[in-house]
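Presented below is the structure to which this report refers.
Numbering of residues begins at 1 and proceeds along the displayed sequence.
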Amino acid sequence: MNAQKLSKRLETVAKFVPTGAVVADIGSDHAYLPCYLIHKGVASSAIAGEVVAGPYESAVGQVQKEGLSEKITVRLADGLAAIELTDHIDTVTIAGMGGPLIVSILEKHPEKLQGVTRLILQPNIHAKVIREWALAHNWAILDEEILEEDDKIYEILVLQRAQMELSPAEILFGPKLSTRKAPAFIKKWTREKENWQRVLQSIKDAEQTPEIEEKRAELIALIQLVEGVL
Ligand code: SAM
């Protein structure tokens, strides 16, 4: 992967960036995504935010190497603190982290999202917590994608400001993903179902404590939910 040729995962994130967007990429080691977006003429300018010194230095070096210092500003900052209101950011991308970390970044500096109209989020795990956060904060799912790369399955959520309603199944599986049922979606949830069935089997003969009963009920509910979408 480099700034000209992204991974399939980051290329899919890039696909959802509107033309002319002013982008903040948070957690931008190497700044590949912002560099790619400028090279392709998609973003008009970008901020690359990174909280760790080493990746921040890599991002600075990459932006210089690509000759994009006029268009991309790299900032060493925690999450959305990388954004100044005078940047007029309208699109935020956060990719390659767990869902809970992405949510904690969104919650830490909510005022920085003031002018933002699109969030493109790519959680490596637990996309569910992002849908829960979106529901609670008046962001709606504009689109979703699921893909497999190097034996890993990734979800990408594209949010815009609007209200939405989601059922418990849609929160877990994604409203678009569970309608489209792409091969990666079937693979991911078949795997999860088999894991839950294995755990359920392993506690079948365990002592009947309230905790075990609760776990058993939780697993049965999850298995029923997944069987409803597969
Ligand atoms: N976004 C790139 C991608 O998808 O390929 C990099 C993903 S890398 C696994 C996660 C990056 O996010 C790391 O460089 C890490 O230092 C950075 N990071 C984690 N927490 C952060 C935070 N609170 N603010 C800014 N960057 C963060």
Side-chain angles (χ1 to χ4, degrees), residues 9-10 12-28 33-34 37 42-43 45-51 75 77-147 153-180 185 188-189 192 218 221-222 225 229:
R9 172 182 64 83
L10 280 182
T12 309
V13 171
K15 186 177 94 178
F16 291 109
V17 175
T19 303
V22 184
V23 178
D25 182 43
I26 305 300
S28 195
L33 179 59
L37 290 170
V42 176
S45 63
I47 301 295
E50 186 36 74
V51 76
R75 295 199 181 121
D78 181 8
L80 300 179
I83 300 176
E84 304 291 339
L85 290 181
T86 48
D87 295 327
H88 301 293
I89 297 296
D90 53 43
T91 301
V92 171
T93 56
I94 312 179
M97 304 175 205
L101 178 55
I102 292 177
V103 165
S104 77
I105 287 174
L106 294 169
E107 287 188 334
K108 199 161 179 186
H109 299 284
E111 72 286 357
K112 301 286 189 172
L113 293 177
Q114 206 172 290
V116 175
T117 53
R118 182 171 295 200
L119 298 173
I120 307 165
L121 309 173
Q122 183 268 299
N124 288 342
I125 52 168
H126 301 314
K128 177 179 184 245
V129 297
I130 294 183
R131 295 190 190 96
E132 286 168 337
W133 175 86
L135 262 180
H137 294 83
N138 287 333
W139 287 88
I141 294 172
L142 175 66
D143 209 342
E144 293 176 307
E145 197 137 330
I146 189 162
L147 62 102
I153 292 178
Y154 300 104
E155 289 175 54
I156 290 152
L157 281 69
V158 186
L159 306 181
Q160 64 180 355
R161 287 186 190 273
Q163 291 200 323
M164 67 171 170
E165 287 182 12
L166 293 180
S167 67
E170 287 174 324
I171 291 176
L172 183 59
F173 305 115
K176 312 275 184 197
L177 300 181
S178 55
T179 306
R180 294 180 193 141
F185 176 89
K188 174 186 166 88
W189 291 108
E192 292 286 351
E218 186 194 323
L222 281 169
L225 216 51
V229 295

Q. With a 4.5 Å heavy-atom cut-off, do Ser45 and His88 have their side chains touching?
A.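 A side-chain contact is absent here, since even the closest heavy-atom pair is not under 4.5 Å.
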Q. Do the non-hydrogen side-chain atoms of Thr12 and Tyr154 ever get within less than 4.5 Å of each other?
A.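 Thr12 vs Tyr154: side chains apart.
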Q. Where do Trp189 and Leu172 land on the side chain to side chain contact (heavy atoms under 4.5 Å, CB included) test, with the steps shown first?
A. CA-CA 10 Å; Trp189 291 108; Leu172 183 59; 3.9 Å; yes
Pairwise distance [atom1]([X]) to [atom2]([Y]) - rounded to 0.5 angstrom:
{"X": "Ile89", "Y": "Ile26", "atom1": "CD1", "atom2": "CD1", "result": "8.0 Å"}
{"X": "Ile120", "Y": "Leu142", "atom1": "CD1", "atom2": "CG", "result": "9.5 Å"}
{"X": "Thr93", "Y": "Gln122", "atom1": "OG1", "atom2": "CD", "result": "10.5 Å"}
{"X": "Ile153", "Y": "Ile125", "atom1": "CD1", "atom2": "CD1", "result": "14.0 Å"}
{"X": "Lys112", "Y": "Glu84", "atom1": "NZ", "atom2": "CD", "result": "5.0 Å"}
{"X": "Phe16", "Y": "Leu121", "atom1": "CZ", "atom2": "CG", "result": "12.0 Å"}

Q) So, are Asp143 and Arg180 salt-bridged, with charged N and O less than 4.0 Å apart? A)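 Yes, this pair counts.
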Q | Verdict with supporting geometry, Ile141 and Leu166, side chain to side chain contact (heavy atoms under 4.5 Å, CB included) | A | CA-CA 10 Å; Ile141 294 172; Leu166 293 180; 4.3 Å; yes
Q.
Suppose the criterion is salt bridge (Lys or Arg N to Asp or Glu O under 4.0 Å): which pairs have a residue in residues 115-125, not counting sequence neighbours?
A.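 Output for this query is empty, none listed.
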Donor-acceptor pairs under 3.5 Å, side chain of residues 100-109 to any protein atom, not counting sequence neighbours: which ones?
residue, atom, partner, partner atom, Å
Ser104, OG, Leu101, O, 2.9
Lys108, NZ, Asp78, OD2, 2.6

Looking only at non-hydrogen atoms, find the nearest pair between [X] and [Y] and report the distance.
{"X": "Met164", "Y": "Ala140", "value": "SD-CA, 3.7 Å"}
{"X": "Glu155", "Y": "Ala127", "value": "OE1-CB, 3.4 Å"}
{"X": "Arg161", "Y": "Leu113", "value": "NH2-O, 2.5 Å"}
{"X": "Glu132", "Y": "Ile171", "value": "CG-CG2, 3.7 Å"}
{"X": "Glu144", "Y": "Leu177", "value": "OE1-N, 3.1 Å"}
{"X": "Leu225", "Y": "Phe173", "value": "O-CE1, 3.7 Å"}

(Q) For the backbone of Gly98 and the side chain of Asn124, can you confirm whether one donor and one acceptor N or O come within less than 3.5 Å of each other? (A)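 Not at all, since once roles are kept as given, no pair shorter than 3.5 Å links the two residues.
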Q: Answer yes or no: are there more than 12 heavy-atom neighbours, outside Glu111 itself, under 6.0 Å from its atom CD?
A: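 Yes.
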Q.
As a test of understanding, state which of Ile83, Ile47, Thr117 forms a side chain to side chain contact (heavy atoms under 4.5 Å, CB included) with Val92.
A.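 Among the candidates, only Ile83 passes.
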Q: Please step through side chain to side chain contact (heavy atoms under 4.5 Å, CB included) for the pair Trp133 and Leu159, ending with a clear verdict.
A: CA-CA 11 Å; Trp133 175 86; Leu159 306 181; 4.1 Å; yes
Q) Would Val42 and Val23 count as a side chain to side chain contact (heavy atoms under 4.5 Å, CB included) if you check the C-alpha gap in whole Å, the side-chain angles of each, and the deciding distance to 0.1 Å? A) CA-CA 10 Å; Val42 176; Val23 178; over 6 Å; no
